[in-house]
There are 2 protein chains.
Amino acid sequence: MEKQVISDTSLRCFAGYALKRAFNSVQADVNATLAPLGLRMLSFSALAVIAENPGLRQSQLAGALSIERPNLVIVLDDLEQRGLIVRDRVPSDRRAYALRLTDDGGRVYQLAASAVQAHDARMTSGLSKVERLAMIDALRRIETANTKEQPDG
Amino acid sequence: MEKQVISDTSLRCFAGYALKRAFNSVQADVNATLAPLGLRMLSFSALAVIAENPGLRQSQLAGALSIERPNLVIVLDDLEQRGLIVRDRVPSDRRAYALRLTDDGGRVYQLAASAVQAHDARMTSGLSKVERLAMIDALRRIETANTKEQPDG
DNA sequence: CATAATGGTTATGGATAGTACCTAAATTCA
DNA sequence: TGAATTTAGGTACTATCCATAACCATTATG
């Protein structure tokens, strides 16, 4: 039985198809990278933004990560139970929590950041520095292509 | 209450983060584009590859789409029930099915392809033709970055 | 003080992707 | 030929990701 080659030319010309395939590959690799630390793509992203913006609130974090608030709750529950973050009460607003990394969370984040750095370099090893930056810039423009910017009142 | 800006600089330098954000945006838009036709990203991709390779078998389609066989079954069941594809028996191998579009499936695929074409143009409207092609090429290199190519026996 | 808006949560569902396992049929090989 | 293995398709189940609706407590608005 000959393994005849299947073509997908009509899909290959779509940016979205290339995006999907590349993302699947990257996601599988980054999850494998983070699994030993008990993290996933989303929980690592959460740690990174908390590390960079200590004291931010959950809704701000959800906004920064472009996810809905309910989805963040589960992620933060997990990180909190494992002692990587704390939800401090905000004195001025008793509804809100101020998110911070614990010392342990900071250490885990540093380890994870190094691992993700290596992962990212590996995934983009076929690109020059210029190509890599151009691609990131292009992706950013795609991300905001259909973001209806409503003018501030 | 001032809306303080949350930064994600440490994540923005990762190609994978840009990829994830762009993909989420594109996926939401393409699903909204295909919803009126009763299709999703995956079922549209399946139609496209079947249209381009009439008579191919399910395992070949799964391989072309880089998904596992069980996940394809549900997609094909749906397309078959709606009369968009047929599973013809292969005389030379009674285990296998030859996948083909019906006339109706061909028409729906043409409509969907036009809609996706417009969607893709909209998503990449912020890019020049050269930038767009460079990005697609870069994404392809990322996709295959960690694909261990095992030499044929 | 009544109403609306906000922060966080719960519950739920859809889309995606993976593994384990089953059957029928084809292939390999002793 | 006949047993063991492989392959094609399918079933069942699970995990992740992301979204919406509805809810409670608190704060802001009028």
Side-chain angles (χ1 to χ4, degrees), chain A residues 1-4 16-17 19-21 23-32 34-35 38-46 55-78 80 85 87-99, chain B residues 1-4 6 16 19-21 23-35 38-46 55-63 65-78 80-81 85 87-99 153:
Chain A
M1 171 190 63
E2 71 271 45
K3 295 250 175 189
Q4 98 185 50
Y17 187 67
L19 204 49
K20 173 196 164 76
R21 296 187 68 106
F23 175 69
N24 283 355
S25 179
V26 166
Q27 187 176 43
D29 194 82
V30 78
N31 281 335
L34 289 171
L39 296 175
R40 289 164 301 162
M41 204 180 216
L42 189 53
S43 48
F44 169 73
S45 301
L56 88 168
R57 288 183 263 157
Q58 294 188 196
S59 50
Q60 292 178 309
L61 178 55
L65 296 175
S66 293
I67 64 172
E68 297 302 314
R69 271 69 74 205
N71 298 321
L72 188 58
V73 173
I74 308 170
V75 174
L76 295 181
D77 284 350
D78 175 61
E80 187 184 38
I85 66 165
R87 287 194 249 220
D88 288 338
R89 278 288 179 191
V90 176
S92 60
D93 188 340
R94 291 187 300 171
R95 297 170 300 180
Y97 293 108
L99 302 174
Chain B
M1 173 190 60
E2 71 271 43
K3 294 248 176 191
Q4 98 186 50
I6 303 300
L19 203 50
K20 172 196 165 78
R21 296 186 68 107
F23 175 69
N24 283 354
S25 179
V26 165
Q27 186 177 44
D29 194 81
V30 77
N31 280 334
T33 297
L34 289 171
L39 295 175
R40 291 163 300 159
M41 205 180 217
L42 191 53
S43 48
F44 169 75
S45 299
L56 88 167
R57 289 183 259 157
Q58 294 188 194
S59 50
Q60 292 177 310
L61 178 55
L65 296 175
S66 293
I67 64 172
E68 298 302 314
R69 273 68 72 203
N71 298 323
L72 187 57
V73 173
I74 308 171
V75 174
L76 295 181
D77 284 350
D78 174 62
E80 188 184 37
Q81 283 166 18
I85 66 164
R87 286 194 250 220
D88 288 338
R89 279 286 179 192
V90 176
S92 60
D93 188 340
R94 292 187 299 171
R95 297 170 303 179
Y97 292 107
L99 302 174

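Everything numeric in this text was worked out from a predicted model, so none of it was measured. Numbered from 1 within each chain, the chains take letters A, B, ... in sequence-line order.
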May I ask you to evaluate whether [X] reaches the phosphate of [N], defined as a side-chain N or O under 4.0 Å from OP1 or OP2?
| X | N | result |
| --- | --- | --- |
| N24(A) | dA17(C) | yes |
| S59(A) | dG8(C) | yes |
| R87(A) | dT9(C) | yes |
| K20(A) | dA15(C) | no |

Checking contacts here: which listed nucleotide ([options]) is nearest the side-chain heavy atoms of [X]?
| X | options | answer |
| --- | --- | --- |
| D77(B) | dT10(C), dT11(D), dT19(C) | dT11(D) |
| V73(A) | dT16(C), dA12(D), dT10(C) | dT10(C) |
| R69(A) | dG10(D), dT9(C), dT20(D) | dT9(C) |
| I67(A) | dA8(D), dC18(D), dA20(C) | dC18(D) |

Y97(A) and I85(A), any side-chain heavy atoms less than 4.5 Å apart: no
Non-neighbouring partners of R40(B) that pass side-chain contact (heavy atoms from CB on, under 4.5 Å), sequence neighbours left out: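 With neighbours one apart ignored, the set is N31(B), S43(B).
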R95(A): salt bridge (charged side-chain N to carboxylate O under 4.0 Å, His left out) partners, not counting sequence neighbours: D93(A)
Quick one: [X] [atom1] to [N] [atom2], roughly how many Å, whole number?
| X | N | atom1 | atom2 | answer |
| --- | --- | --- | --- | --- |
| D93(A) | dA25(D) | CG | P | 16 Å |
| R94(A) | dA28(D) | CZ | C1' | 14 Å |
| Q27(B) | dA17(C) | CD | P | 8 Å |
| Y97(A) | dA25(D) | OH | P | 13 Å |

No-H, no-angle donor-acceptor pair, N71(A) side chain to dA19(D) base, under 3.5 Å: yes
base_contact_polar (dT7(D) base, R95(B) side chain, donor-acceptor, <3.5 Å):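 Yes.
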Contact nearer the 5' end of DNA chain D, comparing L76(B) with I74(A): L76(B)
